[in-house]
*Asks:* 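The structure that follows is given in the form of structure tokens.
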Amino acid sequence: VKHTISVQVEDKPGALTRITSMFARRGFNIDSLAVGPTERPGISRITLRVDCAEHTLEQIEKQIHKLVNVLRVTELVPGESVERELMVLKVSVTPERRAELIASVEAFRGRVLDIGPEAVVVELTGTPEELDAFHELCRPHGIGELVRTGRVGMARASARASGHRLAAIN
Amino acid sequence: MRGADAILRSLEAEGVEVMFGIPGGAIMPTYDAMARGTTVRHVLARHEQGAGHMAEGYARASGRVGVAIATSGPGATNLVTPIADAWMDSTPLVCITGQVRSTLIGTDAFQECDITGVTLPIVKHSWLVQDARDIPAVMKAAFHVARTGRCGPVLVDVPRDVQEAELDFAWPEAVDLPGWKPPRKVHPLQIRQAGEVLAKAEKPILYVGGGTLNADACDELLALAEAGDLPVVTTLMGKSAFPESHRLFMGWPGMHGPKWSNIAMNTCDVLVAVGARFDDRVTGKLSAFAPGATVVHLDIDAAEISKLRDADIPVVGPLRQALAALTQEVVRHRAEGAPPPAEWVRRIVELREAHPLAYGSEGDLIKPQALMETLQELTAGTDVVFTTGVGQHQMWAMQYLLPDRPRTFITSGGLGTMGYGIPAAIGAKAARPEATVVCIDGDGCFQMTAQELTTAAVEELPIVVVLVNNGYLGMVTQWQDMFFDGRRSHVHLDEAMPDYAKLAEAMGGVGMVVTKREDVRDALEQALALDRTVVVDVRVDPSEHCFPMIPAGAAALDMIEYADTLAKPETLKKAEAL
């Protein structure tokens, strides 16, 4: 089962390494990871996607919570949170088929960033599932390069202010 | 003042009495500051690993934070084993290391090593100090993190130029660690539930681990056991948390625990884990462990709850509070008529009488178990602190030495660090100068850290080393005999080489050799009375193995007892089947 964990950390040297090192040494796997600043200076948010059983998720959350730089650990529960991801990809396309591709990009509310003689660079933001769908759609054209940021997210505006925090640790 | 002085003023402000270390290039400014004056005693070890284990021994004997100090590069990497040991056994430790100048970091400079990187998986936290003005706050935070919540090691790495830089020293009043919030209280509802289950249990067991000692909760534990008439087993790390002469003391569970302790633990109906972590050496095969038990788990570390065995009633918080509150509940239930488990206690005592620890009596050689029994007789009731190495001698020490006071049995449990005993004993002596400190060591362990005998002699921290010398890496030999068809591979050390007694003399101590059964008592008596560093080289029967034993991965109740080994083919079959 896939879970998304959101971690607020102090922006201190090694804060990210401490988290990833904990995953490595305890044998937990990370599917995707995104790090960036938050609304508060000096505080970063790390969004982690993990594939594990409920019992392991609880262990992961408790182990992260023990790290000294970690301020808060929440699970972004599907339905109670919004999640987005950014993908940039270079699609091989001849001038004749370019219009067809651009129509697909528009249907997914993406943007064309650059056009070359044999390829187009496209940007797309959406749920990871939408990105997967677009990726599949472009595959027949031939994909030169692809990069994804890993998902980021937060609790919905209508959700409880505290988000979904693990009872045992908070 | 300079950064180096700020480090010492911080140690003084923390009330540190003693630090253990060795100087070297990158930490020289701090050693220069020591030469200018400090109230902190410095014990000069002969190897940084020794310094680290001394700091651990000091911490475990005193209940205070141990401090080790070393230079960059090899000095720092030599501290890695003690740091890992402290991590596994939750020993509060602050390690201070010098680092190359900030401008040289990342250039592969002489004696440069990314020690914060190397130790990342085995510290609670670490700091690479980049500005001398941060030193007071970092030092305060380091001690705070080491001793609060679940205890453990921290590392403070200070580049040489930061030690030399100027700052205005001010000791901060509070720590600024917004993310560090160990639990401060226990949940009353959980306590009520736990109290009810425990008081109404027919076959309860208190399974006590090292967390109880770290929490200084031994008085509260005794009160709970007595209030509820609850039998107690202590793990290797929990040993000495409960008086072993007490009528409710029921031994030590796990791989080399006696049969009665393991039966009691595995057939109980309510198992209360107190600062214990369901280690594989305790549980044996986890799925077969205490199958009928309702588990109550008391721990300061939420991450231990349901890590290995699901807890039915978790209680997260400080153990003193948890045990005291649980005692009140149990007292109330007893007053309301919930009967004490008298029948259960009687049954465990019967088991103890039916399955005593046993060993052979054949031959003229000294039996290591008899050596431990004599040592126990001679030290019973005295102010003694035991430390051990790791291996057969450690397990015999666990089985036959019966401490009655907390913090008097100091051993490497989680990491199983051979060579822990001698330096840990020196650290314990620094913490408890009035006590007799006895290190029970094996000949394999002895040779890993024996250089610290010089430290004991020079620093006037006398320890008694009882060398259980069988000429073998005994525990490996035992496993080769039992699980590798008796093929002995590189385990013979030679009991007479080195000459341990001469080695002791060469390092400023006293050396004694004991080869006859009838000389054991006199030799130990003399050694204990000398008030000098003594090595008593006791040549023991190399054929003795440590029993009972639960083979690794086997269910706890499938243990092999000494009696099984008398019918040798049977034992081998049993071992092979696993």
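Note that the structure is predicted; figures quoted are calculated from it, not measured. Computed from heavy atoms alone, side chains included, the values below leave out hydrogens, waters and symmetry copies. Lettering follows sequence order; numbering is per chain, from 1.
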*Asks:* So which bits of residues 14-30 of chain A come within less than 4.5 Å of chain B, counting non-hydrogen atoms only?
*Replies:* A:T17, A:R18, A:S21, A:R25, A:R26

*Asks:* Count the heavy atoms of every other residue, nucleotide or ligand shown that sit under 6.0 Å from CZ of B:R101, and state whether that count exceeds 12.
*Replies:* yes

*Asks:* Which heavy atom of B:A303 sits nearest to which heavy atom of A:Q59, and what is that distance?
*Replies:* O-NE2, 2.6 Å

*Asks:* Look at atom CD of A:E123 and say whether more than 12 heavy atoms of other residues, nucleotides or ligands are closer to it than 6.0 Å.
*Replies:* yes

*Asks:* Using the rule side-chain contact (heavy atoms from CB on, under 4.5 Å), only one of B:L177, B:V154, B:V123 pairs with A:V68; which is it?
*Replies:* B:L177

*Asks:* So, taking the atom named CH2 in B:W127 and the one named NZ in A:K12, what distance separates them when rounded to the nearest 0.5 Å?
*Replies:* 9.5 Å

*Asks:* Quick one: does any side-chain atom of A:H55 pair with a main-chain N or O of B:D310 as donor and acceptor, under 3.5 Å?
*Replies:* no

*Asks:* Which of the residues B:V145, B:L128, B:D301, B:T116 is involved in the greatest number of heavy-atom pairs with chain A at under 4.5 angstrom?
*Replies:* B:D301

*Asks:* Indicate yes or no for a side-chain donor-acceptor contact from A:K62 to the backbone of B:I305 under 3.5 Å, with no hydrogens or angles considered.
*Replies:* yes

*Asks:* Crowded around A:E129 CD? As in, over 12 foreign heavy atoms under 6.0 Å?
*Replies:* yes

*Asks:* Between atom CH2 of B:W180 and atom CG of A:L67, what is the distance when rounded to the nearest 0.5 Å?
*Replies:* 9.0 Å

*Asks:* More than 12 heavy atoms of other residues, nucleotides or ligands under 6.0 Å from NZ of B:K307: yes or no?
*Replies:* yes

*Asks:* Measure the spacing between NE2 of A:H65 and NZ of B:K181 and express it to the nearest 0.5 Å.
*Replies:* 5.5 Å

